[in-house]
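Structure, as structure tokens:
First the proteins, then the strands, lettered A, B, ... as listed; each starts at 1. Remember, it's a predicted structure, so these values are computed and weren't measured experimentally.
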Amino acid sequence: MLDVKLIRDNPEFVKSKLKLRNENPDIIDKIQELDRIRLEFIRKSETLKELKNSVSDEIAVIKKSKGDASGKISEMKKVAEEIKTLDEGLRNTDSEIDILLKYIPNLPHDSVPEGKSEKDNVQILEWGEKKTVDFRISDHIELGKKLDILDFERGAKISGSGFSLYKGKGAKLERALINFMLDEQIKNGYTEVMTPVLVSRASMEAAEKVPKFEDDMYYMEKDDLFAIPTAEVPILNIHRDEILKPEDLPVKYCGFTNCFRREAGSYGKDTKGFLRVHQFNKVELINFCLPENSYTELEKMLEDALGILRKLNIYHRVIELCSADIGFAAAKCYDIEVWSYAENKWLETSSVSNCTDFQTRRAMVRYRKVLESNKTRTEFVHALNGSGLATSRLMVALLEAYQTESGNISVPEVLRSYTGFDVI
RNA sequence: AGAGAGAUGGCUGAGUGGUUGAAAGCGGCGGUCUUGAAAACCGUUGAAGCGGCAACGUUUCCGGGGGUUCGAAUCCCUCUCUCUCUGCCA
């Protein structure tokens with residue numbers, strides 16, 4: 001969530017940034033008004049509480065010396081009533097503000113290209129080249145079926161469309177990919193974690209996924225638990241309500257999990273095979289860092305993700321998302337896309353974002369900042385997240401790019417020590 | 001799922017209505033001592049909000065929410081979570 005103080009002190013700045021995201025800035029006026037009311041409640045209530053506290057002490061003294069305090073007590077009775085009313089007003093105003101705040105996205109960073117839609121995203125890097133082959137390219141579904149390594153029909157039988165079954169060398173290849181990616185990220189300084197994949201509502205809220213995206217999640221009503229759409233959620237929550245030591249920053253985690261997405265509203269789009277699935281595998285990267293370092297850390301994280309594709313030798317590009325297309329919690333975001341030879345288009349396989357203090361403010365992840373006066377103050381750390389990477393679409397690109405004329409798959413060099421075989 | 005116990009500051013752990021934001025110990029930080037270090041001793045050490053340029057003042061916070069009271073960590077209700085035992089199960 002945004003800082004209310006920023007809205008209070010710099011409303012025009014906030015509005016202009018929201019406009020860049022195609023958001024209606026009027027909501028800021030509403031929050032400002034509620035904030036004024038809120039401060040009024042606080043001041044009135046605190047003045048009365050101060051009075052109540054001091055008189056209560058006096059009453060204690062009088063009672064101790066067996067005196068009569070009935071006058072003061074009845075006076076304070078009235079004051080207590082007033083405080084109750086004021087605090088109720090304050091609570092209501094607080095929750096009104098909070099509801100509004102939950103639907104306001106993070107503000108785009110100055111370096112983010114302005115744009116109206118995804119068409120205005122900017123390609124900033126292209127790596128490798130499109131191979132040309134003199135045989136017919138099979139898509140991943142065809143390859144998966146022929147080699148008996150992927151079975152989408154049976155995946156659907158088990159759970160419905162959008163669920164897949166890996167088999168034999170296909171399963172092993174997937175596992176190899178995950179292990180390879182984790183090992184690479186551990187080398188890059190990330191600490192591996194294995195997290196719960198069902199998380200509480202509080203964790204979802206802290207990651208700013210709920211209430212805005214509640215319909216996109218699988219939800220277990222009986223236990224009020226959500227299936228995670230990304231490991232970003234549990235990993236971010238590792239340090240919820242904590243104050244980190246500045247010397248420990250940046251704190252970097254990587255973790256593999258299954259990810260679950262209902263993909264409500266995208267039925268009919270990219271329904272083939274792995275292109276859009278309800279459950280997929282992903283190695284996630286999270287970085288908690290000092291605010292002043294978050295944009296250099298963002299570039300490093302992008303590099304960490306790209307390193308995987310380079311080692312796999314997969315043709316890819318990087319897109320810098322424009323102001324209208326960056327995710328809700330992000331201030332700046334890069335997408336990594338891999339080339340699908342069969343689909344003849346780019347597939348998003350990673351998104352690397354700097355969420356600044358947007359999530360950490362709600363999650364209360366802070367560090368102790370030492371001021372010039374040698375005093376300390378807590379400040380929110382910045383949180384970054386990135387896929388490093390998501391396997392399903394990567395698998396599409398990999399299978400297609402590594403197919404041979406005979407219809408087999410030549411396992412990428414770096415994965416062979418993991419798979420134990422060279423060809424599928 | 002059944003029975004019971006509990007939730008207090010970075011940690012351990014006192015505290016059952018009136019200077020208790022909270023004893024004590026540990027840890028952390030600063031200092032004395034020391035060539036240096038350890039030990040010992042002394043001091044210091046929570047967060048959030050509001051007001052203030054600041055010094056500082058003030059309010060709130062002892063799992064969450066509500067209640068009783070002039071006054072609650074302390075009494076009542078409720079929810080959540082954790083632990084132990086039994087059952088079930090990977």
Side-chain angles (χ1 to χ4, degrees), chain A residues 1-9 31-99 101 194 196-206 210 219-226 234 237-249 251 258 288 357 360-381:
Chain A
M1 65 176 170
L2 292 182
D3 187 357
V4 185
K5 276 188 203 153
L6 182 67
I7 293 171
R8 187 186 300 159
D9 299 335
I31 291 179
Q32 273 195 289
E33 177 57 23
L34 287 168
D35 183 49
R36 271 193 289 274
I37 293 170
R38 179 176 168 273
L39 290 186
E40 197 56 29
F41 275 127
I42 288 174
R43 286 186 202 121
K44 282 184 183 163
S45 166
E46 287 195 358
T47 309
L48 291 179
K49 279 175 185 166
E50 203 174 336
L51 176 70
K52 183 195 76 176
N53 288 343
S54 64
V55 176
S56 287
D57 285 348
E58 290 170 25
I59 292 170
V61 172
I62 293 168
K63 287 231 171 182
K64 220 163 221 168
S65 57
K66 306 276 185 222
D68 175 32
S70 55
K72 284 185 193 291
I73 287 175
S74 67
E75 195 189 327
M76 284 308 104
K77 216 169 195 154
K78 273 183 233 151
V79 172
E81 282 302 312
E82 268 184 81
I83 290 173
K84 204 169 160 185
T85 313
L86 288 170
D87 280 351
E88 201 183 325
L90 175 62
R91 260 202 309 280
N92 292 338
T93 315
D94 264 337
S95 71
E96 274 185 74
I97 292 173
D98 196 51
I99 288 166
L101 239 29
M194 288 190 96
V197 293
L198 300 182
V199 302
S200 66
R201 183 173 291 277
S203 289
M204 275 296 189
E205 282 176 353
V210 154
Y219 173 59
M220 275 132 278
E221 196 172 1
K222 215 170 178 179
D223 299 289
D224 197 22
L225 289 171
F226 293 88
N237 275 279
I238 290 174
H239 293 300
R240 169 148 56 97
D241 294 321
E242 290 183 17
I243 299 175
L244 305 175
K245 292 187 188 137
E247 63 267 27
D248 291 343
L249 300 175
V251 175
N258 300 300
F288 298 98
D357 57 1
T360 54
R361 178 171 294 106
R362 188 161 301 276
M364 294 288 275
V365 187
R366 294 152 292 170
Y367 73 102
R368 225 174 284 281
K369 185 190 179 105
V370 181
L371 304 171
E372 276 181 43
S373 58
N374 235 348
K375 292 198 166 184
T376 60
R377 190 181 70 203
T378 62
E379 196 169 83
F380 298 109
V381 301

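Among all heavy-atom pairs drawn from A:Ile83 and A:Ser45, the shortest one is CG2-OG, 4.3 Å. Contact detail for A:Phe380 and A:Thr360: the closest heavy-atom pair is CD2-O, 3.4 Å. In this structure, A:Glu205 and A:Arg362 approach most closely via the heavy-atom pair O-CD, 3.3 Å. Counting all heavy atoms, side chain and backbone alike, A:Val199 lies closest to A:Ser203 at CB-CB, 4.0 Å. In terms of heavy-atom proximity, A:Ile59 sits nearest to A:Ala69 at CG2-CB, 4.1 Å. Shortest non-hydrogen contact noted between A:Tyr219 and A:Asp224 is OH-OD1, 2.7 Å.
For the pair A:Leu51/A:Met76, a side-chain contact is recorded, criterion being any heavy-atom separation below 4.5 Å from C-beta on. Counting heavy atoms from C-beta outward, A:Leu90 and A:Ile42 have side chains that approach closer than 4.5 Å. Under the 4.5 Å side-chain criterion, counting only non-hydrogen atoms from C-beta, A:Asn237 is in contact with A:Arg240. In this structure, A:Tyr367 and A:Lys245 have side chains that are not in contact, with every pair of non-hydrogen atoms separated by 4.5 Å or more.
Listed candidates were B:rA47, B:rC70, B:rG49. Nearest to the side chain of A:Arg366 is B:rA47. Set against B:rC50, B:rU68, B:rC70, the side chain of A:Ile42 has B:rC50 as its closest nucleotide. Which of B:rG49, B:rC70, B:rG46 sits closest to the side chain of A:Arg368 comes down to B:rG46.
Per the geometry, CG belonging to A:Asp241 stands 15 Å off C1' belonging to B:rG9, to the nearest Å. In this structure, the CG atom of A:Asp3 is 15 Å from the C1' atom of B:rC50, given to the nearest Å. In this structure, A:Lys77 places its NZ atom 11 Å from C1' of B:rU68, rounding to the nearest Å. A:Glu82 places its CD atom 15 Å from the P atom of B:rC70, with the value rounded to the nearest Å. Note: CG (A:Asp9) to P (B:rC50) measures 10 Å, nearest angstrom. Rounded to whole angstrom, the span from the CE atom of A:Met364 across to the P atom of B:rG64 amounts to 13 Å. The CZ atom of A:Arg377 sits 19 Å away from the C1' atom of B:rU45 (whole-angstrom rounding). Regarding A:Asp223, its CG atom lies at a distance of 11 Å from the P atom of B:rU80, rounded to whole Å.
Put simply, A:Lys5 has a side-chain N or O that comes within less than 4.0 Å of OP1 or OP2 on B:rC50. When the side-chain nitrogen and oxygen atoms of A:Lys84 are compared with OP1 and OP2 of B:rG66, none of them lie within a distance under 4.0 Å.
For A:Glu379, the salt bridge (charged side-chain N to carboxylate O under 4.0 Å, His left out) partners at least two apart in sequence or on another chain are A:Lys369, A:Arg377.
Under the salt bridge (Lys or Arg N to Asp or Glu O under 4.0 Å) criterion, the residue pairs touching residues 73-92 of chain A are A:Lys49-A:Asp87, with sequence neighbours excluded.
Nucleotides B:rU69 and B:rC88 have their P atoms positioned 50 Å apart, rounded to a whole Å. For the C1' atom pair drawn from B:rG67 and B:rA72, the interatomic distance equals 12 Å after rounding to whole Å. The same atom, P, is picked in B:rG10 and in B:rG6; the two are 24 Å apart, to the nearest Å. Straight-line distance between the C1' atoms of B:rC76 and B:rC83: roughly 25 Å, to the nearest whole Å. Between B:rU74 and B:rG87, the two P atoms lie 37 Å apart (nearest whole Å). Spacing between B:rC56 and B:rA14 at atom C1', rounded to whole Å, works out to 33 Å. Between B:rG46 and B:rA40, the two P atoms lie 24 Å apart (nearest whole Å). B:rA73 and B:rG63 have their P atoms separated by 10 Å, given to the nearest Å.
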Strand RNA chain B as a dot-bracket string - pairs counted if Watson-Crick or G-U with both distances under 3.5 Å, | where the partner lies in another strand: (((((((..(((.....[.....)))((((((.......))))))((((((....)))))).(((((..]....))))))))))))....
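Across residues 85-99 of chain A, A:Arg91 each have a non-hydrogen atom less than 4.0 Å from an atom of RNA chain B (numbered order).
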Verdict with supporting geometry, A:Asp357 and A:Arg361, salt bridge (charged side-chain N to carboxylate O under 4.0 Å, His left out): CA-CA 6 Å; A:Asp357 57 1; A:Arg361 178 171 294 106; 2.7 Å; yes
Look for any protein N or O under 3.5 Å of an N or O in nucleotides 51-61 of chain B and output each such pair with its distance, or none.
residue: B:rG51; atom: OP1; partner: A:Arg43; partner atom: NH2; Å: 2.7
residue: B:rC56; atom: OP2; partner: A:Lys375; partner atom: NZ; Å: 3.2
residue: B:rU59; atom: OP1; partner: A:Asn53; partner atom: ND2; Å: 3.2
residue: B:rU60; atom: OP2; partner: A:Asn53; partner atom: ND2; Å: 3.4

Short heteroatom pairs, N/O only, protein and nucleotides 18-20 of chain B, under 3.5 Å:
residue: B:rG18; atom: N2; partner: A:Ser56; partner atom: O; Å: 3.3

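Under the 3.5 Å distance criterion, the side-chain polar atoms of A:Asp3 are matched with a main-chain donor or acceptor of A:Lys5.
We find that A:Lys72 and A:Glu58 are joined by a salt bridge, their nearest charged nitrogen and carboxylate oxygen being less than 4.0 Å apart.
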